[in-house]
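Please read these numbers as outputs of a predicted model, since none were measured by experiment. Chain letters run A, B, ... following the sequence lines, proteins first and then strands; every chain starts at 1.
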Number of protein chains: 2
Amino acid sequence: MQTVDIPSFLRHQPLFQQLSPEQIDALVPFTHEVRGLKGQVIFQKGDPCDGMFLVVYGRVKLALSSAQGSEKVMEIIHPGQSFAEAVMFLSRPCPVMAQFLEDSMLLKVEAEGILQALEHDPAFARRLLAGLSLRLHGLVRDVERYSIESSLQRVIGYLLQHIPEDGSEAQPQLTLSVNKNLIASRLNLTPETFSRMLHQLIEAELIMVDGRDITLVNVDKLKAYGNRE
Amino acid sequence: MQTVDIPSFLRHQPLFQQLSPEQIDALVPFTHEVRGLKGQVIFQKGDPCDGMFLVVYGRVKLALSSAQGSEKVMEIIHPGQSFAEAVMFLSRPCPVMAQFLEDSMLLKVEAEGILQALEHDPAFARRLLAGLSLRLHGLVRDVERYSIESSLQRVIGYLLQHIPEDGSEAQPQLTLSVNKNLIASRLNLTPETFSRMLHQLIEAELIMVDGRDITLVNVDKLKAYGNRE
DNA sequence: CGGACGGTTGAGTCTCGTCAATAAGCGTGG
DNA sequence: CCACGCTTATTGACGAGACTCAACCGTCCG
């Protein structure tokens with residue numbers, strides 16, 4: 001069981017990194033560890049929500065579930081990322097459910113601590129606002145994808161978006177962070193359709209797939225491919 | 001040409017209504033009127049954006065446009081509502097375009113004014129955060145609709161969401177605020193499909209339609225209808 | 001070895017979009 | 001006042017894209 005130095009972890013969060021040591025210390029009493037095993041639910045859609053979460057290690061998914069029991073992944077949260085900031089500022093039930101994808105450790109920061117930090121630091125407010133704005137842009141992008149892109153385009157978009165940053169390799173490579181069923185759901189596709197789209201790109205010699213490892217053979221052609229065929 | 005008393009208008013905005021008169025006055029130099037005619041574009045997707053807008057009178061649509069030229073309405077903004085708050089806090093291009101639906105008058109508040117107000121009033125920060133959070137919830141709801149609801153369910157959801165507040169009438173009535181093509185696009189449907197879904201609801205004797213006026217004959221049955229047939 | 005899980009593939013179906021024709025409503029101008 | 005054109009809305013026939021259902025395979029793990 002890993003342990004974590006809460007103040008130092010908080011200090012390295014993008015959200016908190018401009019807070020003074022005193023402000024970080026003020027946050028600590030409102031922060032506690034949350035550990036969970038793969039499959040456990042952190043909160044259900046409809047639950048009240050009084051804090052935000054930071055992922056220390058592990059992975060978390062945010063998902064919606066339909067009346068018929070099927071499930072739609074809205075976001076996959078990785079270590080260093082946070083979620084549920086937006087529910088803190090509204091006295092409203094959570095619009096999504098959150099579940100551990102693997103054994104994980106989170107930090108939960110209670111809303112009260114955040115509100116207190118807000119009182120004393122306008123720069124923190126700006127950071128929070130920027131964070132939420134970023135989230136909002138991501139959602140607008142999602143709506144755009146779901147409403148005007150075909151499934152093939154969504155797959156291509158996903159691949160292009162997940163090219164690693166390091167330099168300009170001719171044939172960038174990426175590894176899916178989770179299994180293909182989850183990616184498919186995130187893209188609003190069935191696993192079958194996702195598989196077929198990948199297959200189509202393989203046939204067109206635009207990518208190579210080996211399990212979760214994907215090589216983009218020709219990035220430019222890949223970008224162009226979705227717009228015609 | 002209508003005129004408007006800027007300070008008093010600002011004071012009545014939900015976002016600003018807890019600011020002191022001095023704070024409102026400080027905002028005024030950053031605020032100016034923007035008038036436009038039906039069809040004029042306020043900003044394009046991709047434009048830089050350095051302020052937020054309040055609708056005084058008229059209507060505005062936020063929309064995405066696809067590569068093939070078709071357009072998808074993301075939001076219809078009515079008098080008293082605001083938009084583009086989220087782009088202020090990021091140095092990023094606008095993710096959507098904005099266009100006047102009719103001859104309208106807006107107030108534009110420059111980002112600088114907002115940031116200044118933020119410096120001096122933590123309560124204002126909380127309001128802004130709450131505002132963005134609300135927007136975010138709306139988008140989550142949209143993603144939910146687009147990804148797990150059928151077109152019939154989306155139409156029903158729209159009708160139910162737009163029942164006027166006033167008391168519990170047995171057969172609530174509503175009037176579409178804009179033409180059906182726009183509503184259809186907002187729901188991510190073609191006008192044809194939207195028309196067919198309304199027709200289906202008429203056949204089932206759940207609603208009555210007269211132009212833009214719609215009467216919900218049986219709200220409970222309407223709620224239930226989407227889940228089976 | 002057997003089962004669960006993740007992934008692929010094929011066949012059939014269905015929802016929804018496309019295309020086309022038509023009709024109704026409305027403002028303009030002759 | 002009516003003719004005309006434009007926009008908005010409706011309806012039908014058709015087709016395509018994505019989902020469903022099912023079978024199947026490989027791998028991991030008890």
From [atom1] of [X] over to [atom2] of [N], roughly how many Å is that when rounded to an integer?
| X | N | atom1 | atom2 | answer |
| --- | --- | --- | --- | --- |
| A:Gln153 | D:dG17 | CD | P | 11 Å |
| B:Tyr146 | D:dC19 | OH | P | 18 Å |
| B:Phe194 | C:dG17 | CZ | P | 13 Å |
| A:Lys72 | D:dC19 | NZ | C1' | 15 Å |
| A:Leu152 | D:dA16 | CG | P | 17 Å |
| A:Leu198 | D:dA18 | CG | P | 14 Å |
| B:Glu192 | D:dA9 | CD | P | 12 Å |
| B:Arg154 | C:dG17 | CZ | P | 7 Å |

Check: B:Arg196 side chain, C:dT18 base, donor-acceptor under 3.5 Å:
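Under the 3.5 Å cut-off, the side chain and the base do form a donor-acceptor pair.
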In terms of side-chain heavy atoms of B:Leu189, which of C:dT8, C:dG17, D:dA18 is nearest?
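Between C:dT8, C:dG17, D:dA18, the one nearest the side chain of B:Leu189 would be C:dG17.
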Given C:dC16, C:dG7, D:dG12, the nucleotide with the shortest approach to the side chain of A:Lys180:
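For the A:Lys180 side chain, the nearest candidate turns out to be C:dG7.
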Using the ring of each side chain (for Trp, its six-membered ring), is A:Phe53 parallel, tilted or perpendicular to A:Phe43, with breaks at 30° and 60°?
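Rings of A:Phe53 and A:Phe43: tilted, 30 to 60°.
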Within the distance-only criterion (no hydrogens, no angle test), does the side chain of B:Ser82 pair as donor or acceptor with the backbone N or O of B:Leu54 below 3.5 angstrom?
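Checking the backbone N and O of B:Leu54 against the side chain of B:Ser82, no donor-acceptor pair under 3.5 Å is found.
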Any donor and acceptor pair, going by atom type alone, linking the side chain of B:Ser147 with main-chain N or O of A:Asn188 inside 3.5 Å?
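Such a contact is absent between B:Ser147 side chain and A:Asn188 backbone.
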Counting just side-chain N and O atoms, does [X] come under 4.0 Å of either OP1 or OP2 of [N]?
| X | N | value |
| --- | --- | --- |
| A:Thr190 | D:dC19 | yes |
| B:His199 | D:dT11 | yes |
| B:Thr193 | C:dC16 | no |
| B:Asn179 | D:dA9 | yes |
| B:Ser151 | C:dC16 | yes |

Listed partners of B:Arg92 passing salt bridge (Lys or Arg N to Asp or Glu O under 4.0 Å), at least two apart
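With neighbours one apart ignored, the set is empty.
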Contact check, side chains of A:Val155 and A:Gln200, non-hydrogen atoms, under 4.5 Å
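Counting from C-beta outward, A:Val155 and A:Gln200 never come under 4.5 Å.
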